Amino acid sequence: MPELPEVETCRAGIAPHISGKAFQRIIIREPRLRWPVPLQIAELLPGLTLHRVDRRGKYLILHTEPGCLLLHLGMSGNLRITSQEQPLAKHDHIDFVFNDGTVLRFNDQRRFGAVLWTTEPLATHALLNKLGPEPLSAEFNGEYLYQQARKRGIAVKTFIMNSHIVVGVGNIYANEALFMAGIHPLRAANQLSQAECETLAISIKTILEQAIKQGGTTLRDFLNAQGKPGYFQQKLQVYSHAAEPCPKCGQPIEQIKIAQRSSFFCARCQLQ
DNA sequence: TTAATCACCTGAGGGC
DNA sequence: TGCCCTCAGGTGATTA
């Protein structure tokens with residue numbers, strides 16, 4: 001399940017293989033993703049050069065001269081570098097074939113992902129213009145988090161998973177960051193002190209940086225551009241460890257639902 | 001403006 | 001063995 005570290009791992013994995021190359025052919029086998037894949041990209045893209053691959057939150061942005069492809073991996077999506085000779089796997093929905101034969105293959109079992117085309121400035125794009133800051137940027141810090149939290153009475157876990165507050169923090173890393181910060185996931189955001197917001201911002205940055213170094217987390221679906229899993233799962237302290245002893249105090253990890261998402265915490269280490 | 005809920009989708013796993 | 005149900009989760013849309 002791709003969160004920011006998985007998307008960044010994916011971006012770093014595919015960019016060297018496709019940047020500077022020209023699209024030769026686009027093969028769309030299944031256009032029914034989160035939003036219908038614009039079929040016109042099969043005619044628009046051939047001949048265009050892919051200048052670079054960026055990331056904004058969990059969106060991958062493939063830049064060409066007239067416009068950009070926006071890719072989202074959703075819940076189960078992955079991109080891998082391959083060739084046309086390689087047999088198709090189940091749920092291989094789209095092939096981006098480049099002029100040297102390299103193929104960027106989009107696979108998405110649950111089809112929550114997206115492939116979109118835009119020629120408008122990214123700063124005004126409806127999917128991007130309301131996104132919060134990047135968690136690893138200087139703009140995202142304790143003071144920013146505190147100012148945003150003061151206006152919200154929702155559970156802090158739901159708060160930090162809101163991409164309009166900060167991008168890229170999904171369920172796994174929200175659980176892990178709150179555990180590291182010693183903050184109960186049900187605490188109201190507007191009840192956090194400035195010091196707690198400082199600690200939480202640092203925890204989010206630390207968790208995400210560690211996960212990127214490990215190549216992301218593989219629970220079920222995630223594979224990197226070479227089809228290999230990430231290794232951060234082995235570092236998870238509370239996520240998916242219900243009833244197991246807390247790594248800090250030994251108390252059993254508890255599991256509850258918050259906003260329909262499984263949430264894991266230590267009731268002794270994380271103060272409510 | 002904020003918060004809560006729904007919908008989308010597929011496959012694994014459990015119960016019968 | 002096969003059927004049915006539940007669960008997993010990112011995020012935009014809808015509703016209150």
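Each chain gets a letter, A, B and so on, in the order its sequence line appears, and its residues count up from 1. All of these numbers come straight from a predicted model, not from anything done at the bench.
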Q. Counting just side-chain N and O atoms, does A:Lys58 come under 4.0 Å of either OP1 or OP2 of C:dT11?
A. yes
(Q) Please tell me if A:Tyr59 has a side-chain N or O lying less than 4.0 Å from either OP1 or OP2 of C:dG12. (A) yes
Q. So, are A:Arg80 and A:Asp92 salt-bridged, with charged N and O less than 4.0 Å apart?
A. yes
Q. Per the end-axis method with five pairs at each terminus, what is the bend angle of the helix from B:dT2-C:dA16 to B:dC16-C:dG2, to 10°?
A. 50°
Q: Round to the nearest Å and state the distance from A:Met161 atom CE to C:dG9 atom P.
A: 8 Å
Q: Determine, stepwise, if the pair A:His184 / A:Phe265 fulfils ring-ring contact (aromatic ring centres under 6.0 Å, His included).
A: CA-CA 7 Å; A:His184 195 288; A:Phe265 64 97; 4.4 Å; yes
(Q) Checking A:Phe98 now: which residues fulfil ring pair (Phe, Tyr, Trp, His ring centres under 6.0 Å) with it, not counting sequence neighbours? (A) A:Phe23
Q.
Under a 3.5 Å cutoff, is there a donor and acceptor pairing between the side chains of A:Glu198 and A:Gln194?
A. no
**Q.** Closest to side chain of A:Ile154, choosing from B:dT5, B:dA4, C:dG12
**A.** B:dA4
Q) Which of the following nucleotides, C:dG9, C:dG10, C:dG12, is nearest to the side chain of A:Tyr239? A) C:dG9
**Q.** Short side-chain to backbone donor-acceptor contact, A:Glu3 and A:Asn171, under 3.5 Å
**A.** yes
Q. Roughly, in whole Å, what's the span from NZ in A:Lys257 to C1' in B:dA4?
A. 15 Å
Q. Rounding to a whole Å, what distance do you find between A:His164:NE2 and B:dT2:C1'?
A. 13 Å
(Q) Expressed as a whole number of angstroms, how long is the span from A:Ile258:CD1 to C:dG9:C1'? (A) 15 Å
(Q) Strictly under 4.0 angstrom, non-hydrogen atoms only: write out the protein contact profile of nucleotides 8-14 of chain B, one letter per nucleotide from the 5' end, B, S or -. (A) BBBS---
Q | Below 4.0 Å: OP1/OP2 of C:dG9 and any side-chain N or O of A:Ser262 | A | yes
Q.
Taking any heavy-atom pair under 4.0 Å as a contact, classify A:Gly113: base, sugar-phosphate, or nothing.
A. nothing
Q: Between A:Arg261 and A:Ala155, name the one whose nearest nucleotide on DNA chain B is closer to the 5' end.
A: A:Ala155
Q: Among residues two or more places apart or on two chains, list those pairs meeting ring pair (Phe, Tyr, Trp, His ring centres under 6.0 Å) that have a residue in residues 127-167 of chain A.
A: none
**Q.** Nearest-Å distance for atom pair CD/P, residues A:Glu3 and C:dG10
**A.** 5 Å
Q) Can you list the residues that meet the side chain to side chain contact (heavy atoms under 4.5 Å, CB included) rule with A:Ser193, with sequence neighbours excluded? A) A:Ala195, A:Glu196
Q: Using the six-membered ring of A:Phe179, assess whether NZ or CZ of A:Lys248 lies under 6.0 Å from its centre and within 45 degrees of the ring axis.
A: yes
Q: Find the distance A:Leu70:CG to C:dT11:C1' and express it as a whole number of Å.
A: 15 Å
Q | A:Glu6 CD to C:dG9 P, straight-line distance once rounded to whole Å | A | 13 Å
Q: May I ask you to evaluate whether A:Gln148 reaches the phosphate of B:dT2, defined as a side-chain N or O under 4.0 Å from OP1 or OP2?
A: no
Q. If you measure from the Lys or Arg side-chain nitrogens to the Asp or Glu carboxylate oxygens, is any gap between A:Arg56 and A:Asp54 under 4.0 Å?
A. no
**Q.** Spacing between A:Ile165 atom CD1 and B:dT1 atom C1', to the nearest angstrom
**A.** 12 Å
**Q.** Under the side chain to side chain donor-acceptor pair (under 3.5 Å) test, residues paired with A:Glu120 that sit two or more places apart
**A.** A:Thr124
